[in-house]
Amino acid sequence: LGEGVGVVVLKRLADAERDGDRIYAVIDGVAGSSDGRGLGLTAPRKEGQKKALERAYWQAGMLPAEVGLVEAHGTGTVVGDRTELQTLTEVFNAGGALPGQAGLGSVKSQIGHTKCAAGIAGLIKVAKALHHRVLPPTRQISQPNPGYNRVASPFRLNQTAQPWTRPARSAAVSAFGFGGANFHAVLSAYPAHRNPLGAHELPCELFALRGASADEAARHARALAAFIAAADAPLALRDLARTAWELGAGPVQLAFAAASVAELSAWLDACAAPGGEVARRDEAQPGKLACLFPGQGSQYPEMLRELFVYFPALQGWLDAGAGYVDTVFPGTAFDAATRDANKARLTDTRNAQPALAMVELAVYDWLRQLGLAPDMAAGHSFGELVALSAAGAFDAATLIELARARADAILGAVGDDPGAMAAIARDATELEPLLAAFPQVVLANRNSPSQTVISGPSAAIAAAIAHLAKAGISGKRIDTACAFHSPLVAGAVDTFGQALAGVTPRSLAFPVFSNATT
């Protein structure tokens, strides 16, 4: 139990729009019911809770299938949580909700049960979630309630903040009080006033110092450091980052990230010092920028979750591959078996390639917003297609289609043994003669002077790893769906070529170098 006070400003929507107010959310419906003749002062009744929910959705003119977030009352008692979960599940299933459709949590897990203020705390949380387009976490869950069926439930229990990737942009709040008072509110986002950032503060800020020369940028660094030292009130990193940008004009000469004012001050001292250990823009030879897009094997569940959470506008890149979003963001796994299943589902070539296409384009778009413009690009394996799309050869929807076609072609080419791949800690030139006794093993990826990836039949790869181990050379199997870049998948070339024949690429904004370029 705890104590709390919450304050919200309520206004008719037309009046708020007329007055130019910032609108965090719109309340579509509020309804209640009473179980005063029920089982006791604190005993919950599913029938009464259900009545409040049904009245609220009737008043809002929507079905629970349109809700992407539910703020539960969440008493933390066995009978209370079980009853509420049963009520929500029945109402949402009857309202057409799909499995895993909505995030479910309670702010009480972080602030305690604030009694009379509990409902308003939940309302504030939901309004902010809609405003920032983020599904907030419920951090204290170690194991879900036994009544929760992860596979069939319309709800997800998230331990970490998640991007609001689903089309359902409405939310709901439950508040069940002493004596059988049941209330449920339904809210929706006000898109025109949505915050472009997913949080009030970011974990760190990017500081970019501009100027006609490095010396001029260093002077700006000294000026900002002096301002911070003289400040007699707390300073927000986001405001200081804006100040750093506006101090100068012209190209960025110095850039770094800081997670605290103390870290910022240390960076500023280093930037201001002549010859300090800070990377500086070479004015005489500024050089060129190349982007390398990764291929299959770099994927993992919840990849780039933080980027989509803190910059929700990037979630639009997920729309082209909406059918793969749940595979990328499967929700919190509370046991090893679920974590392994999530990883295996994303490792499947048919999921991995479209998933990588979505998130890589999002990262590229984010980098472009920072002012980075590549002079050239390349892609590692599947990344070639993403590099071509980034350069303007075809749009995101076409990229997803080609990713599907490429995956189908590869999987259709392999036989009973899909083969395997392994990373070997040696340069390709040194490794090649050591594998002369394994003709079926090919040097698939020459990643670096200290790593080469080999590919081929499963048994041959296992034998090659054992052979190299005897020579003191370490090797590790890579978790891939098949032996990419080996004769085992050579049959995919013609099949994928037919899919490519139906696409007419547009002119490239910058050169894209092929893996086959010599």
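In what follows, every heavy atom counts, from backbone to side chain, and hydrogens, waters and symmetry copies are set aside.
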Engineer: Given the rule in the salt bridge (Lys or Arg N to Asp or Glu O under 4.0 Å) test, do Arg368 and Asp365 qualify, once you have shown the distances and angles that lead to the verdict?
Structural biologist: CA-CA 5 Å; Arg368 284 197 307 171; Asp365 183 38; 3.5 Å; yes
Engineer: Taking Asn445 for the side chain and Val453 for the main chain, is one N or O donor matched with an acceptor at less than 3.5 Å?
Structural biologist: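 A pair under 3.5 Å: no.
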Engineer: Could you give me the CA-CA distance, side-chain angles and deciding distance for Tyr364 and Gln369, then say whether side chain to side chain donor-acceptor pair (under 3.5 Å) is met?
Structural biologist: CA-CA 9 Å; Tyr364 176 69; Gln369 292 178 36; over 6 Å; no
Engineer: Is it the case that the side chain of Gln315 and the backbone of Ala313 share a donor-acceptor pair, with hydrogens and angles ignored and the cut-off at 3.5 Å?
Structural biologist: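 No; judged by distance alone, with no hydrogens or angles, the pair does not exist.
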Engineer: More than 12 non-hydrogen atoms from neighbouring residues, nucleotides or ligands closer than 6.0 Å to CZ on Arg339, yes or no?
Structural biologist: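 Check passes, neighbour count above 12.
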Engineer: When rounded to the nearest 0.5 angstrom, what is the spacing between CG in Leu399 and CZ in Arg404?
Structural biologist: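 Those atoms lie 10.5 Å apart.
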Engineer: Do Val309 and Trp164 touch side chain to side chain, with heavy atoms closer than 4.5 Å?
Structural biologist: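 Contact flag for Val309/Trp164 side chains = no.
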Engineer: Are any non-hydrogen side-chain atoms of Leu367 and Val363 less than 4.5 angstrom apart?
Structural biologist: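 In contact.
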Engineer: Does the side chain of Phe308 come within less than 4.5 Å of Thr165's, by heavy atoms?
Structural biologist: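 No, every pair of side-chain atoms sits at 4.5 Å or beyond.
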Engineer: Evaluate the side-chain proximity of Leu123 to Leu187: yes if any heavy-atom separation is below 4.5 Å, no if none is.
Structural biologist: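 Leu187 reaches Leu123 side chain to side chain.
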Engineer: Find the distance between CD1 (Ile410) and CG (Leu488) and round it off to the nearest 0.5 Å.
Structural biologist: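 Taking CD1 in Ile410 and CG in Leu488, the distance rounds to 12.0 Å.
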Engineer: Starting at CG of Asp417, measure out to CD1 of Ile461 and round the result to the nearest 0.5 Å.
Structural biologist: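 That separation rounds to 10.0 Å.
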Engineer: Look at the rings of Phe256 and Phe207 and say which category their plane angle falls in: under 30° parallel, 30 to 60° tilted, over 60° perpendicular.
Structural biologist: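 Because their plane-to-plane angle is under 30°, the rings of Phe256 and Phe207 count as parallel.
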Engineer: Heavy atoms, side chains only, cut-off 4.5 Å: are Glu246 and Arg210 in contact?
Structural biologist: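 No; the side chains remain at least 4.5 Å from each other.
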Engineer: I'd like to know whether Glu71 forms a salt bridge (Lys or Arg N to Asp or Glu O under 4.0 Å) with Lys125, so could you lay out the CA-CA distance, the side-chain angles of the two residues, the decisive distance to 0.1 Å, and finally the verdict.
Structural biologist: CA-CA 8 Å; Glu71 171 68 5; Lys125 171 187 170 182; 2.8 Å; yes
Engineer: List the steps and the verdict of salt bridge (Lys or Arg N to Asp or Glu O under 4.0 Å) for Glu201 and Arg238.
Structural biologist: CA-CA 7 Å; Glu201 294 180 353; Arg238 61 178 185 177; 5.8 Å; no
Engineer: Could you walk me through whether Met62 and Val186 satisfy the side chain to side chain contact (heavy atoms under 4.5 Å, CB included) test, starting with their C-alpha distance in whole Å, then the side-chain angles of each, then the deciding distance to 0.1 Å, before giving a yes or no?
Structural biologist: CA-CA 9 Å; Met62 69 173 67; Val186 183; 3.5 Å; yes
Engineer: Are there more than 12 heavy atoms of other residues, nucleotides or ligands under 6.0 Å from atom NZ of Lys343?
Structural biologist: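 Counting neighbours around NZ of Lys343, 12 or fewer heavy atoms of other residues, nucleotides or ligands fall under 6.0 Å, so no.
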Engineer: Determine whether Cys482 and Val489 make a side-chain contact, defined as any pair of heavy atoms from C-beta on separated by less than 4.5 Å.
Structural biologist: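 Of all side-chain heavy-atom pairs linking Val489 with Cys482, at least one is under 4.5 Å.
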Engineer: Could you go step by step and tell me if Asp395 and Arg506 meet the side chain to side chain contact (heavy atoms under 4.5 Å, CB included) rule?
Structural biologist: CA-CA 10 Å; Asp395 58 20; Arg506 298 189 291 260; 4.3 Å; yes
Engineer: Fit a plane to each ring of Phe92 and Tyr57, take the angle between them on a 0 to 90° scale, and name the class: parallel (under 30°), tilted (30 to 60°) or perpendicular (over 60°).
Structural biologist: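 Aromatic pair Phe92/Tyr57 classed perpendicular.
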Engineer: Give the table of side-chain donor-acceptor pairs shorter than 3.5 Å for residues 349-361, with sequence neighbours excluded, one pair per line with atom names and distance.
Structural biologist:
unit_1 : atom_1 : unit_2 : atom_2 : d
Thr349 : OG1    : Gln296 : NE2    : 3.2
Arg350 : NE     : Asp348 : OD1    : 3.1
Arg350 : NE     : Asp348 : OD2    : 3.4
Arg350 : NH2    : Asp348 : OD2    : 2.8
Asn351 : ND2    : Arg345 : O      : 2.8
Gln353 : OE1    : Arg406 : NH1    : 3.4
Gln353 : NE2    : Gln296 : OE1    : 3.1

Engineer: Testing the basics here: between Leu53 and Ser174, what is the closest heavy-atom pair and its distance to 0.1 Å?
Structural biologist: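 What the structure gives for the nearest pair is CD1-OG, 4.1 Å.
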Engineer: Checking side chain to side chain contact (heavy atoms under 4.5 Å, CB included) for the pair Leu13/Tyr190: CA distance, chi angles, key distance, verdict?
Structural biologist: CA-CA 10 Å; Leu13 179 59; Tyr190 191 77; 3.9 Å; yes
Engineer: For Gln451, is there any backbone N or O sitting under 3.5 Å from a side-chain donor or acceptor partner on Arg426?
Structural biologist: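 No, because the side chain of Arg426 does not come within donor-acceptor range (under 3.5 Å) of the backbone of Gln451.
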Engineer: What's the shortest heavy-atom distance between Ile473 and Ala425, and which atoms?
Structural biologist: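 Scanning both residues, the minimum pair turns out to be CG2-O, 4.5 Å.
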Engineer: Checking Thr89 side chain against Leu85 main chain: does a donor-acceptor pair fall under 3.5 Å?
Structural biologist: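 Indeed, once roles are kept as given, a pair shorter than 3.5 Å links the two residues.
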Engineer: Just how far is it from atom NE2 of His131 to atom CD1 of Ile124, taken to the nearest 0.5 Å?
Structural biologist: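 Nearest 0.5 Å value for the NE2-CD1 distance: 13.5 Å.
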Engineer: Do Leu372 and Cys291 have side chains that get closer than 4.5 Å, going by heavy atoms?
Structural biologist: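 Contact flag for Leu372/Cys291 side chains = no.
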Engineer: Going by the rule side chain to side chain contact (heavy atoms under 4.5 Å, CB included), which residues pair with Asp326 if we only count those two or more places apart in sequence or in a different chain?
Structural biologist: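 Asp326 satisfies side chain to side chain contact (heavy atoms under 4.5 Å, CB included) with Arg156, Arg166 once adjacent residues are dropped.
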Engineer: What heavy-atom pair brings Ser389 and Phe394 nearest, and what distance separates the two atoms?
Structural biologist: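 Answer, listing the atom of Ser389 first, then Phe394: OG-O, 3.0 Å.
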Engineer: Does any donor atom in the side chain of Arg82 or Tyr148 lie under 3.5 Å from an acceptor atom in the other side chain?
Structural biologist: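 Per modelled atom types, Arg82 and Tyr148 side chains form no pair under 3.5 Å.
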Engineer: Return yes when atom CD of Glu432 has more than 12 non-hydrogen atoms of other residues, nucleotides or ligands closer than 6.0 Å, and no otherwise.
Structural biologist: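 It does not: Glu432 CD has 12 such atoms or fewer within range.
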Engineer: Please check if the side chain of Ser106 supplies one atom and the backbone of Ser109 the other of a donor-acceptor pair under 3.5 Å.
Structural biologist: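 Side chain of Ser106 to backbone of Ser109, a donor-acceptor pair under 3.5 Å: no, none is there.
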Engineer: Would you find more than 12 non-hydrogen atoms of other residues, nucleotides or ligands less than 6.0 Å from Glu302 atom CD?
Structural biologist: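 Enclosed: over 12 neighbouring heavy atoms sit under 6.0 Å from CD of Glu302.
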Engineer: Do Leu202 and Phe311 come within less than 4.5 Å of each other through their side chains, counting heavy atoms only?
Structural biologist: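 Heavy-atom side-chain distance check passes, below 4.5 Å.
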Engineer: To the nearest 0.5 Å, how far apart are OH in Tyr300 and OG1 in Thr347?
Structural biologist: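 One finds 13.5 Å between OH of Tyr300 and OG1 of Thr347.
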Engineer: Does any N or O in the side chain of Thr452 come within less than 3.5 Å of the main-chain N or O of Arg446, such that one atom is a donor and the other an acceptor?
Structural biologist: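 No.
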Engineer: For a ring pair (Phe, Tyr, Trp, His ring centres under 6.0 Å) check, start with the C-alpha distance between Phe293 and His380, then their side-chain angles and the critical distance, and finish with the verdict.
Structural biologist: CA-CA 6 Å; Phe293 293 83; His380 183 276; over 10 Å; no
Engineer: Taking Asn145 for its side chain and Asp81 for its backbone only, find out whether a donor-acceptor pair lies under 3.5 Å.
Structural biologist: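 Judged by distance alone, no pair lies under 3.5 Å.
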Engineer: If we ignore hydrogens and angles and just use 3.5 Å, is the side chain of Asn158 paired with the main-chain N or O of Ala161 as donor and acceptor?
Structural biologist: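 No, because the side chain of Asn158 does not come within donor-acceptor range (under 3.5 Å) of the backbone of Ala161.
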Engineer: For the ring pair His193 and Tyr24, is the centre-to-centre distance below 6.0 Å?
Structural biologist: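 No, the ring of His193 stays outside the 6.0 Å limit from the ring of Tyr24, centre to centre.
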Engineer: May I have the step-by-step check of side chain to side chain contact (heavy atoms under 4.5 Å, CB included) for Leu468 and Leu431, ending in yes or no?
Structural biologist: CA-CA 9 Å; Leu468 293 171; Leu431 186 60; 3.8 Å; yes
Engineer: Strictly distance-based, threshold 3.5 Å: is any side-chain N or O of Ser298 a donor or acceptor partner for the main-chain N or O of Gly295?
Structural biologist: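 Confirmed, Ser298 side chain pairs with Gly295 backbone.
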Engineer: Check Val134 against Gly198 and note the closest heavy-atom contact, atom names and distance.
Structural biologist: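 Looking at all heavy atoms of both residues, the closest pair is CG2-O, 3.5 Å.
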Engineer: Can a donor-acceptor pair be found, under 3.5 Å and without considering hydrogens, that links the side chain of Gln101 to the backbone of Ala65?
Structural biologist: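 Yes.
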Engineer: Minimum heavy-atom separation for Ala499 and Ala405, please, with both atom names.
Structural biologist: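 In terms of heavy atoms, the two residues are closest at CB-CB, 3.7 Å.
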Engineer: Would you kindly say whether Thr138 and Gln140 are connected by a side-chain donor-acceptor distance under 3.5 Å?
Structural biologist: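 Not at all, the side chains of Thr138 and Gln140 share no donor-acceptor pair under 3.5 Å.
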Engineer: Starting at OG1 of Thr480, measure out to CD1 of Ile478 and round the result to the nearest 0.5 Å.
Structural biologist: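 Going from the OG1 atom of Thr480 to the CD1 atom of Ile478 covers 6.5 Å.
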Engineer: Write down the atom of Asn195, the atom of Leu197, and the distance for their closest heavy-atom approach.
Structural biologist: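 The answer is OD1-N, 2.8 Å.
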